[in-house]
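Everything numeric in this text was worked out from a predicted model, so none of it was measured. We name chains A, B, ... by the order of the sequence lines, and we start the count at 1 in each one. Computation of the quantities below employed the complete heavy-atom set of this structure, encompassing side-chain atoms and omitting hydrogens, waters and symmetry-equivalent molecules.
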2 protein chains.
Amino acid sequence: MAYRETAKTRAKADERRTRIEQAARHVIARGGIAAASIASVAREAGCSSGLIYTYYSSRDELLRVVFARAAGHELAVVEAAVESASNAADIVDSVVEVFVRRAVTGRTLAYALLLEAVPESVQIERMALRRGYVAAIASGIEGRYQTTTSAEVAARALVGSIAENLVDVLDPAKEPPSVSAVEALITELSVFARTAIGEQ
Amino acid sequence: MAYRETAKTRAKADERRTRIEQAARHVIARGGIAAASIASVAREAGCSSGLIYTYYSSRDELLRVVFARAAGHELAVVEAAVESASNAADIVDSVVEVFVRRAVTGRTLAYALLLEAVPESVQIERMALRRGYVAAIASGIEGRYQTTTSAEVAARALVGSIAENLVDVLDPAKEPPSVSAVEALITELSVFARTAIGEQ
DNA sequence: TAAACAATTGAAACACAATTCAATTCTTTG
DNA sequence: CAAAGAATTGAATTGTGTTTCAATTGTTTA
């Protein structure tokens, strides 16, 4: 008699949802959160503005979901780096390297994840990402090395040290850094971090 | 024949301007940049919204001026702490102590200065503040102590370490930290920072 | 194919603060 | 005091982007 929801229908809806999230991610990676208006995400996704509201209750909600997914991905990379390292010095080296290289490669996304002005709901996800980084590093350091201070303070300090040294590098108003500048930064941050946790 | 600008007039205008900036500072200290709408600053200053545009070309400009002044004050305090210290370990100790205590005492202002989402023009002032902190610390470290890494990277890392460890402390959604938690944080950050620069 | 209803559109409505400006109030000077 | 003009008001306007929803298009079933 009539149209009813079916597997095919649901699959198509899922695809649409995915397409919208991908579009939002692309727009953010290109121009930051500021560029991710409903209209521009819709344009990128090839749909109308209205349709986005079939999948998300508001712009903030869409941004929150997309941000959380991107953050989860970044965190997983850092967690993997921590896990594959064999001692505290290795951990901080890997974290510095992975963090800086990924930030430089995906400048605008990194800027959005770390520094850009974001709506409240997204800020909450950003805090969660930072807590995730800290937890990953702290757990890595804690088991294997007796630091002079609490692993949590040290882990936070490491995250802060890296992030602060990326501020200029990620500044959208500035030119991207040269390869040699990036290498130099990685080296110096590694030395600093190893010293900071009392290794070598 | 007519009314013309005079010393008294100018003095009154200056007073007005000062009153508006004070009002803006109060509003920000109470509720952050987000709370500093033109209407609420006007209410606090006891004048109309329109009058603010006699003194500032836009809300962003007002915020920029007020932020820059507050930032300058904070920076001067840190610079004084650096100058009064006699060696690298003293410098980092003083900076940690002054930074953390002031942040905790003026939580909302510190949040605005360091972490809150701000308009572009204010973000530029924030960057200047951070560069100021880095320069002050770096110059202090550089002359008196041979660090393992460049003084600039170390100074940035120190600023980042402190700021990151303040994130939870300053979160407006959270309770202010207990006195003992603040003391513990200062101690731990000091130990971390001294270790980081290679001093005991 | 027709009926039933879901998916999609996109222009209009809305929200919300910044900003403007005609009208009013205040100050100064001769 | 009256005229000139500056200071001030605050309601109306503007700008910008989100959100809605009546109308349209697409899909499914009998």
task = Any chance you could measure Thr54(B), atom OG1, to Ile20(B), atom CD1, to the nearest 0.5 Å?
result = 7.5 Å
Rounded distance [0.5 Å steps], CZ in Phe67(B) versus CG in Leu62(B) = 13.0 Å
ask   = Is any NZ, NE, NH1 or NH2 atom of the basic residue among Arg25(A) and Glu21(A) found under 4.0 Å from an Asp or Glu carboxylate oxygen of the other?
value = no
query = Do the charged groups of Arg101(B) and Glu183(B) touch, with an N to O distance under 4.0 Å?
reply = yes
inquiry  = Here's a test of your reading of the structure: between Leu51(B) and Thr9(B), which maps to the more 5' nucleotide of DNA chain C?
reply    = Leu51(B)
For the pair made of [atom1] in [X] and [atom2] in [N], what is the distance, rounded to whole Å?
| X | N | atom1 | atom2 | value |
| --- | --- | --- | --- | --- |
| Arg10(A) | dT28(D) | CZ | C1' | 14 Å |
| Tyr56(A) | dA7(C) | OH | C1' | 16 Å |
| Ile20(B) | dA7(D) | CD1 | P | 13 Å |
| Arg43(B) | dT8(D) | CZ | P | 19 Å |
| Glu15(B) | dA7(D) | CD | C1' | 14 Å |
| Lys8(B) | dA6(D) | NZ | P | 17 Å |

request  = Find the bend of the helix from dT1(C)-dA30(D) to dG30(C)-dC1(D) as the angle between its two terminal axes (five pairs each), to the nearest 10°.
outcome  = 0°
query = With a 4.0 Å cut-off on heavy atoms, is Tyr55(A) in touch with a base, just the backbone sugar-phosphate, or nothing at all?
reply = sugar-phosphate
message = For a side chain to side chain donor-acceptor pair (under 3.5 Å) check, start with the C-alpha distance between Arg126(A) and Gln123(A), then their side-chain angles and the critical distance, and finish with the verdict.
response = CA-CA 5 Å; Arg126(A) 174 181 282 165; Gln123(A) 179 69 10; 3.2 Å; yes
query = Would the number of heavy atoms belonging to other residues, nucleotides or ligands and lying under 6.0 Å from CD of Glu120(B) be above 12?
reply = no
Sidechain-backbone polar pair: Glu116(B) side chain, Ile33(B) backbone, donor-acceptor under 3.5 Å = yes
query = Are the side chain of Arg156(A) and the backbone N or O of Ala163(B) linked by a donor-acceptor pair below 3.5 Å?
reply = no
inquiry  = Tell me whether the side-chain N/O atoms of Lys12(B) come closer than 4.0 Å to OP1 or OP2 in dA6(D).
reply    = no
message = Quick one, Ile162(B) and Tyr133(B) - any side-chain contact, counting heavy atoms below 4.5 Å?
response = no
message = At under 4.0 Å between heavy atoms, how does the protein contact nucleotides 11-19 of chain C? Give one character per nucleotide, 5' to 3', with B, S or -.
response = -------SB
